[in-house]
Amino acid sequence: MKLESLRNIGISAHIDSGKTTLSERILFYGGKIHKIEEVRGGGDGATMDHMELEKERGITITSAATTLFWDNHTINLIDTPGHVDFTVEVERSLRVLDGAVLVLCGVAGVQSQSITVDRQMKRYNVPALAFVNKLDRSGANPIRVANALRDKLSHNTVIMQYPIGAEADYEGAVDLITRRATYYDGAKGEIVRYGEVPANLVDEVEKYRAMMLDSISMFSDEMTELLLDEKVVPDDLIHETIKKAVHARKITPVFMGTAYRNKGVQALLDAVIRYLPSPMDRQYWGNDNEKNEKVEVFPDPKKPLCAMAFKIADENFGQLTYTRVYQGTLKKGETYYNPRMGKSQRVGRLVRMHSNDREDVDFAEAGDIIAMVGVECASGDTYCSEGINVTMEKMFVPEPVIELAIKPAKQEDLVKLSKALNRFMKEDPTFRVSVDKESNETRIAGMGELHLEIYVERMRREYKANVIVGQPKVNYREAPTQGAKFDYKHKKQTGGSGQYGHVVGELNVNDTPKSDEDSHEFLNSTVGGSIPKEYIPGVEKGYRESLDKGPLAGFKVINTRFELKDGTFHAVDSSEMAFKVAARQAFKQAFLEAKPVILEPIMRVEAETPMEFQGPVQGDLSSRRGMLLGSDIRDEYAVIIAEVPLSEMFGYSTDLRSKTQGKATFSMEFAAYRPVPSSIQEQLVKKYRDDKAKGGNKDDE
């Protein structure tokens, strides 16, 4: 396989924009399937939604990979979920893909999850095309959606087609480069027919073609000169300029159609081949663990192997590990080194995935995406040839925002529950399991109510584990609001050698966290050996261990800078452990003096409701401590955007349905952590203290 003719692409969008329907058509036209199944409406369900729960609910829960062929090119395609609760599936897919298709609903346009997906594409610098779908629906307007993509997400959108007809009368589109009308005939739109531009559209087509050429010419001096001289611009030059600009993420070409009505998909596939990059066109970096420096990884099958495991599924016959090969060749039966685990592992079997089906292969070359069977590893692990020690850049994993207590209904369910939790935690980095030390409760944490609801349902179905689920619990955070000094001496004498550690310094607010995952900083400013350097790691450990459970109300602490300035030690009684305890108590002392606040997760909520219910929906969001950010009118629907604390959103879907006769929908995603009102902070602190008093727990001395 030539690398130039390979495309690794993902399809991403807001929930219900038609991603899976589009994927189904792509598979059909690419000859991968011979019968189109719909997401909803009987049958076996869409090919890429292979889980029973996906078929029942009509949503995508896990990303699914497949390979197809189009115009002598190979396309590795990943269909990702649209619901924000399964955002890690999009995150890890975009981490390993070379290009993406951003699908937008022709009626709703840019929605909340479109914004999240766009942010993820920017994070991994993934070039994208936009596809405006559902143009057969009432109120669909691709030009308005393209403008919204420009205004709301700052994309330099270039409209590549002009629609023929609208809504129920949508027939096809005019290609603005060739000035050719494209229609899709046959029962499944499989016959592409070209014709003249309809007479009533000639003026509009010329207007939008001129706008398209003007936008693209910004990236080609040759094109600019030809346009200024009013000469004909060759099609090849237009295509080449678009390709370069897309690769550099300077423009987003906009295509259109209706996947459900089988129109526009083939033109989109042509654009994927023509404009999205092959592995040869992207630059990828790893970290050389020996030299501790960045190194470029090249898509050359002859170089030493460098591959990344980006998604894990635990199955009956062993672990299935989706892997992207960045450099070298991954071969069946060979042994490769895993730097995180510090050991080599043998790859017994390689398979090419088609949703839930698999086809055995002997090797996979640089640029390819396949799956290893039976190799035990974690999501994000790198595999390399013996003799090199390179780790690929990690993917971003968002922090969970919601928790549930969970316990087995009967003793015999305990083993089943344990198996399920271990599997789900391994597969999904945003699904966390912990045991509360005080109550001894098992807690599961995730990205939202639906996320945890799906996992609880999977425990019951796949593991036959009957479980009892507690009330949802919000993951609050604690943070200081000002600096505070500490001076703490830990001194204990209990026969034999004692314990002595003395730390002096300052705790401050960290305004410039290194990353979303780590918002803490430890600074050692001691001079003259006031604390011997072998005890400094103990001080840092004590500080970092204090962050998991804050002194104020037992929540995780964020945004702190701990500066150790001075201290004293004892020649006999000092130890790393003594300084660890001293640091823990010093942190507690300073944190409680730093005017700490409790922060709560605030969600960005987008509710879409018929106009007649706009008032009640807005009133309801306000009553949930929501801050209304604005509203938009789309045909007969009002779209209300608000920021609401997560603690007020439990059970919202049921309330929204009852207030709007089941006609409204909503989506939400995490926006930020903000301080809770003082009355709620007092309640949370009081509850924490009462629980501690009941448990009789004492702080570490």
Side-chain angles (χ1 to χ4, degrees), residues 287-293 338-343 378 380 389 391 394 397 399 434 437 477-480 483-494 496-551 554-594 596 698-701:
N287 187 65
D288 187 320
N289 298 316
E290 305 285 339
K291 298 175 184 170
N292 199 22
E293 63 184 27
N338 181 326
R340 182 190 64 85
M341 297 169 78
K343 68 176 188 181
N389 188 347
T391 306
K394 288 277 187 285
V397 178
E399 282 290 309
S434 61
K437 286 177 188 164
R477 296 284 184 262
E478 296 180 22
K485 291 183 168 54
F486 58 81
D487 182 343
Y488 188 86
K489 192 178 286 182
H490 172 65
K491 195 173 178 184
K492 240 181 185 176
Q493 199 68 43
T494 51
S497 62
Q499 290 182 28
Y500 183 94
H502 177 209
V503 291
V504 179
E506 201 169 337
L507 182 74
N508 280 301
V509 180
N510 185 9
D511 294 323
T512 54
K514 278 184 294 194
S515 65
D516 291 348
E517 301 109 293
D518 186 6
S519 63
H520 303 288
E521 194 176 351
F522 174 80
L523 299 171
N524 175 22
S525 305
T526 55
V527 287
S530 55
I531 299 177
K533 65 174 186 277
E534 63 263 30
Y535 299 145
I536 301 297
V539 178
E540 182 169 1
K541 272 184 205 158
Y543 155 59
R544 292 202 176 267
E545 282 176 9
S546 305
L547 302 170
D548 284 340
K549 214 160 192 186
F555 301 116
K556 194 171 176 179
V557 176
I558 60 172
N559 301 346
T560 63
R561 183 180 287 115
F562 187 97
E563 187 176 3
L564 181 64
K565 294 184 173 178
D566 201 0
T568 57
F569 72 102
H570 188 281
V572 178
D573 293 348
S574 283
S575 64
E576 188 178 320
M577 175 57 79
F579 273 97
K580 189 163 108 171
V581 175
R584 223 155 38 202
Q585 296 300 328
F587 174 81
K588 180 180 175 184
Q589 176 195 72
F591 188 80
L592 291 171
E593 286 174 17
K698 290 179 184 172
D699 282 322
D700 293 313
E701 283 301 325

note = Nearest heavy-atom approach of Gly483 to Asn508 is CA-OD1, 3.2 Å

note = What one should report as the nearest heavy-atom pair of Thr391 and Pro339 is OG1-CB, 3.8 Å

key: Intermediate values then yes/no, side-chain contact (heavy atoms from CB on, under 4.5 Å), Thr512 and Arg561   = CA-CA 10 Å; Thr512 54; Arg561 183 180 287 115; 3.6 Å; yes

ask   = Stepwise, does the side-chain contact (heavy atoms from CB on, under 4.5 Å) test hold for Thr560 with Tyr543?
value = CA-CA 10 Å; Thr560 63; Tyr543 155 59; 2.8 Å; yes

inquiry  = With heavy-atom distances below 4.5 Å as the criterion, would you say the side chains of Gln585 and His490 are in contact?
reply    = no

query = Does a donor on one side chain and an acceptor on the other come within less than 3.5 Å for Asn510 and Ser519?
reply = no

remark   = Here the gap from Asp487 atom CG to Lys489 atom NZ, rounded to the nearest 0.5 Å, amounts to 8.0 Å

task = Identify, with sequence neighbours excluded, every residue that meets salt bridge (Lys or Arg N to Asp or Glu O under 4.0 Å) alongside Glu563.
result = none

message = Whether the side chain of Gln499 engages the backbone of Ser575 through a donor-acceptor N/O pair (distance < 3.5 Å, no angle test) should be reported.
response = no

note = Interatomic distance, CD@Glu521 vs CZ@Phe562, rounded to 0.5 Å, equals 13.0 Å

ask   = So, for Lys485 and Ala590, which heavy atoms are closest and what is the spacing to 0.1 Å?
value = O-CB, 4.1 Å

message = For Phe591 versus Val557, what's the shortest heavy-atom pair and its separation?
response = CE1-CG1, 3.7 Å

query = Is there a side-chain contact between Glu593 and Leu507, using heavy atoms and a 4.5 Å cut-off?
reply = no

inquiry  = Please check if the number of heavy atoms outside Lys565 that lie under 6.0 Å from its NZ is greater than 12.
reply    = yes

query = Does the side chain of Lys491 reach to within under 4.5 Å of the side chain of Tyr500, using non-hydrogen atoms?
reply = yes

query = Does any non-hydrogen side-chain atom of Ile536 lie less than 4.5 Å from one of Phe522?
reply = yes

key: For the student: nearest non-hydrogen atoms of Phe569 and Ser530, plus distance   = CD2-O, 3.4 Å

ask   = Is it true that the side chains of Asp566 and His502 contain a donor and an acceptor less than 3.5 Å apart?
value = no

ask   = Do the non-hydrogen side-chain atoms of Arg584 and Lys580 ever get within less than 4.5 Å of each other?
value = yes

request  = Indicate the atoms forming the closest heavy-atom contact of Val503 with Ala582, along with that distance.
outcome  = CG2-O, 3.9 Å

request  = Let me see the working for Glu540 and Asn524 under side-chain contact (heavy atoms from CB on, under 4.5 Å), right down to the final yes or no.
outcome  = CA-CA 9 Å; Glu540 182 169 1; Asn524 175 22; over 6 Å; no

task = Could you pull out all residues at least two apart from Tyr535 that satisfy ring pair (Phe, Tyr, Trp, His ring centres under 6.0 Å)?
result = Phe579

